[in-house]
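Report on one structure; see the data block that follows.
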Amino acid sequence: MVTQAKIGILGGSGLYKMDALEDVQEIHLETPFGKPSDAFIVGNLEGVSVAFLARHGRNHHLMPSELPFRANIYGMKQLGVEYLISASAVGSLKEEVKPLDMVIPDQFIDRTHRRVSTFFGQGLVVHIGFGHPVCQQLTNILAEVVESLQLPEIALHKGGTYVCMEGPAFSTIAESNLYRSWGASVIGMTNLQEAKLAREAEIAYATLALVTDYDCWHPDHDHVTVEMIVDNLQKNAINAQKVILETVKSLAKNPPVSEAHSALKYALLTPPDKISPETKERLGLILQKYM
Ligand SMILES: CSC[C@H]1O[C@H](OP(=O)(O)O)[C@H](O)[C@@H]1O
Ligand SMILES: Nc1ncnc2[nH]cnc12
């Protein structure tokens with residue numbers, strides 16, 4: 001029996017481990033969708049069992065387009081995760097969203113083009129509702145925690161649209177200005193697929209977006225380079241851990257009911273008795289409630 005955790009953490013660029021995690025176990029999982037980005041680190045965060053995964057691997061060896069999104073989310077499901085907090089580095093598309101600020105997005109725009117974003121197919125048709133792509137309860141808790149921590153000089157922007165681009169190159173100025181004209185707040189390369197797959201797996205998902213730079217639209221800032229981002233990544237990782245720790249404690253004390261936990265209820269189009277045994281077997285963990 002694998003160790004279980006109700007709360008999962010996906011660490012992005014800069015956040016490759018949680019320093020406060022104790023009694024850790026490295027769990028290497030196989031999933032029907034291949035191997036996750038790295039071993040899951042399951043341990044105790046001030047008494048609460050959590051599963052941590054570095055989405056690019058602990059040595060940051062996977063590009064956004066190479067991430068095994070399905071294996072990562074399925075692995076979380078295998079570990080019993082019901083609430084998933086994603087920490088992600090983002091560029092800012094708005095003047096008032098400054099480097100080192102925190103954004104808790106409530107919408108996404110998908111600008112990726114070479115990624116699989118569903119567990120379904122192969123004889124099973126499912127159309128999940130994705131109008132509200134993140135869990136409102138989880139975003140509320142994250143926001144309350146950020147506000148209560150009063151981190152010096154860091155503003156919280158609750159709500160906003162995260163543009164998910166393919167990468168790995170950063171945007172052109174024309175693209176960046178286009179996203180600004182759409183009213184988007186931040187840009188990154190990873191969270192759209194995770195949010196969609198978490199929804200399909202009935203896991204409540206929310207993003208803590210940590211701003212590293214003004215994207216290239218900004219006339220007073222140099223074009224984005226990794227060098228200029230690294231310093232802010234490190235500062236953000238320290239703050240992210242503070243926010244995640246308090247969020248985990250709050251979630252463990254009062255686990256909220258989330259509509260994400262029943263997202264599949266009206267989403268299956270293929271009648272259960274017409275789904276092949278192989279597909280049922282592959283997706284057993286996700287489908288079992290509805291078979
Ligand atoms: C740090 S440069 C760009 C890189 O950072 C973000 O990663 P993550 O979302 O995992 O924090 C962005 O999406 C790119 O992958
Ligand atoms: N400007 C940017 N564009 C895309 N992803 C990013 N991650 C951090 N900064 C970014």
For L15 and Q241, what are the C-alpha separation, side-chain angles and deciding distance, and is it a side-chain contact (heavy atoms from CB on, under 4.5 Å)? CA-CA 8 Å; L15 187 65; Q241 292 191 63; 3.6 Å; yes

Evaluate the side chain to side chain donor-acceptor pair (under 3.5 Å) criterion for residues E66 and H56: first the C-alpha distance (whole Å), next the side-chain angles of each, then the deciding distance (0.1 Å), finally the verdict. CA-CA 9 Å; E66 295 173 326; H56 301 278; over 6 Å; no

For the residue pair Y214 and W217, does the interplanar ring angle fall in the parallel (under 30°), tilted (30 to 60°) or perpendicular (over 60°) class? perpendicular

Give a yes or no answer on whether the side chain of [X] reaches the backbone of [Y] with a donor-acceptor pair at less than 3.5 Å.
X: N44; Y: E22; result: no
X: Q107; Y: G131; result: yes
X: S171; Y: S176; result: no
X: N72; Y: S37; result: yes
X: T161; Y: I109; result: no
X: T212; Y: V90; result: yes
X: T270; Y: V125; result: yes
X: D106; Y: G159; result: no
X: Y266; Y: L264; result: no
X: K249; Y: G47; result: no

Mind checking whether [X] and [Y] sit in one hydrophobic cluster, side chains of I, L, V, M, F, W, Y counted as touching below 4.5 Å?
X: I229; Y: Y179; value: yes
X: Y205; Y: F119; value: yes
X: Y290; Y: L285; value: yes
X: V126; Y: F69; value: yes
X: V103; Y: L10; value: yes

Between [X] and [Y], do the side chains contain an N or O donor and an N or O acceptor separated by less than 3.5 Å?
X: T112; Y: Q193; result: yes
X: D213; Y: H221; result: no
X: T118; Y: E200; result: yes
X: S49; Y: Q4; result: no

Test: E147 and K158 ion pair at under 4.0 Å: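 No, no charged N to carboxylate O under 4.0 Å.
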
Could you tell me whether R115 and E166 make a salt bridge, using a distance below 4.0 angstrom between a side-chain N and a carboxylate O? yes

Should [X] and [Y] count as side-chain neighbours, where that means a heavy-atom distance under 4.5 Å?
X: L53; Y: M76; result: yes
X: M165; Y: E175; result: no
X: I244; Y: M18; result: yes
X: L142; Y: T207; result: no

Are Y83 and H261 close enough that their ring centers fall under 6.0 Å?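 Yes, ring centres under 6.0 Å apart.
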
How far does CG of L233 sit from OG of S13, to the nearest 0.5 angstrom? 6.0 Å

Heavy atoms from other residues, nucleotides or ligands near NZ of K289 exceed 12 (cutoff 6.0 Å):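 Yes, enclosed.
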
Under the side chain to side chain donor-acceptor pair (under 3.5 Å) test against D38, which residue among R58, H61, R55 passes? R58

